Amino acid sequence: MDWSRYRFRTVWDLAAPPAAVYAALERAEDYPLWWPQVRQVTPVDERTGTARFRSLLPYDFVVTVTERRRDPAAGVLEAAMTGDLEGWARWTVTAHGAGTRAHYEQEVEVRKPLVRRLAVPGRPFFIANHALMMRGGRRGLAALLAV
């Protein structure tokens, strides 16, 4: 097993219409306004940007994110990531009851040297750190959409 590889799956149930959730998720440059752990997003061009994020643990990840798929009809946003994380991430937004279910999937290999060195003993902490980040994002998006 490569201890520096991660596969994450998260589901957010939100009390807002799918179109509103999708619209918020496709504006990555606004993530720092509602997602506390996303510290900075800087557009490079129409399909690429850099992002810096940090959760509870005292380290930042910096990645270049390049759009691979933007399909509002299917509710899919997908991007490739390079930098401290190498891999991809995908949002799939669907109607769910009176609201929306947003599925987040991510498969990455950590390239940040310190995190790679601590891969085995630190893995449970890194997974918990990611879960806290995702919880903060869901809360922030729910608050944004409730306005």
Side-chain angles (χ1 to χ4, degrees), residues 1-14 16 18-94 96 99-145:
M1 176 177 180
D2 184 345
W3 293 94
S4 293
R5 289 187 178 274
Y6 292 85
R7 173 183 273 174
F8 296 108
R9 304 286 184 267
T10 305
V11 175
W12 293 354
D13 287 327
L14 300 156
V21 173
Y22 187 91
L25 291 173
E26 77 176 337
R27 290 189 308 273
E29 65 277 7
D30 291 344
Y31 281 22
L33 301 175
W34 55 265
W35 197 334
Q37 294 81 7
V38 179
R39 305 302 173 98
Q40 182 179 16
V41 175
T42 305
V44 173
D45 59 35
E46 290 180 13
R47 295 184 55 240
T48 307
T50 59
R52 181 175 60 85
F53 45 93
R54 172 191 283 209
S55 190
L56 184 63
L57 296 177
Y59 58 83
D60 288 1
F61 281 113
V62 177
V63 296
T64 298
V65 181
T66 303
E67 178 183 296
R68 292 197 319 199
R69 182 175 176 198
R70 181 185 298 235
D71 186 345
V76 175
L77 294 164
E78 185 174 319
M81 294 186 293
T82 59
D84 290 339
L85 301 173
E86 300 276 338
W88 59 269
R90 178 188 310 122
W91 286 105
T92 304
V93 176
T94 57
H96 181 71
T100 300
R101 178 162 281 172
H103 288 264
Y104 180 76
E105 301 169 88
Q106 182 183 45
E107 292 188 15
V108 293
E109 180 178 350
V110 176
R111 306 300 301 157
K112 191 171 188 73
L114 173 64
V115 179
R116 287 183 68 82
R117 281 193 295 276
L118 298 173
V120 173
R123 190 171 182 87
F125 300 103
F126 302 150
I127 291 170
N129 196 59
H130 183 269
L132 289 171
M133 178 175 172
M134 296 306 292
R135 184 179 305 155
R138 191 200 61 75
R139 286 180 181 156
L141 184 56
L144 175 76
L145 295 169

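In this text the structure is predicted, and so the values were computed from the model without any measurement. Numbers here are sequence positions counted from 1.
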Q: Got a donor-acceptor contact below 3.5 angstrom from the R116 side chain to the V110 backbone?
A: yes

Q: With distance as the sole test, does K112 use its side chain to make a donor-acceptor pair with the main-chain N or O of V62 at under 3.5 Å?
A: no

Q: With a cut-off of under 6.0 Å to the ring centre and 45° to the axis, is R123 in cation-pi contact with Y6?
A: yes

Q: Heavy-atom distance under 4.5 Å between the side chains of V41 and W35, does that happen here?
A: no

Q: Using modelled atom types and a 3.5 Å cut-off, is there a donor and acceptor pairing between side-chain atoms of R47 and backbone atoms of E67?
A: yes

Q: Compare all side-chain heavy atoms of T10 with those of Q106 and state whether any distance is below 4.5 angstrom.
A: no

Q: Taking the side chain as everything from C-beta on, heavy atoms only, tell me whether Q37 gets closer than 4.5 Å to M134.
A: no

Q: Rounded to the nearest 0.5 Å, what separates atom CG in D60 from atom CZ in R52?
A: 5.0 Å

Q: At their closest point, which heavy atom of Y22 faces which heavy atom of D71, and how far apart are they?
A: OH-N, 3.2 Å

Q: So, does D30 use its side chain to make a donor-acceptor pair with the main chain of L33 at under 3.5 Å?
A: no

Q: Taking the side chain as C-beta and beyond, is there a heavy-atom pair between Q40 and T50 under 4.5 Å?
A: no

Q: What are the two closest non-hydrogen atoms of G136 and P36, and how far apart are they?
A: O-CD, 3.8 Å

Q: Is it true that atom OH of Y59 has more than 12 heavy atoms of other residues, nucleotides or ligands lying nearer than 6.0 Å?
A: yes

Q: Is the backbone N or O of L14 less than 3.5 Å from a side-chain atom of T100, with the two atoms forming a donor-acceptor pair by type?
A: no

Q: In terms of side-chain geometry, is the basic nitrogen of R27 or E29 positioned less than 4.0 Å from the acidic oxygen of its partner?
A: no

Q: Could you tell me whether the side chain of L141 reaches within less than 4.5 Å of the side chain of L25, counting heavy atoms only?
A: yes

Q: Checking R7 now: which residues fulfil salt bridge (charged side-chain N to carboxylate O under 4.0 Å, His left out) with it, not counting sequence neighbours?
A: E107

Q: Kindly compute the distance separating CZ (F61) from CG (N129), expressed to the nearest 0.5 Å.
A: 8.0 Å

Q: Any side-chain heavy atom of D84 within less than 4.5 Å of one from R111?
A: no

Q: Indicate the ring-plane relationship of W91 and Y104, choosing parallel, tilted or perpendicular according to the 30° and 60° boundaries.
A: tilted

Q: Identify the residue among R69, R68, R70 that makes a salt bridge (charged side-chain N to carboxylate O under 4.0 Å, His left out) with E78.
A: R68

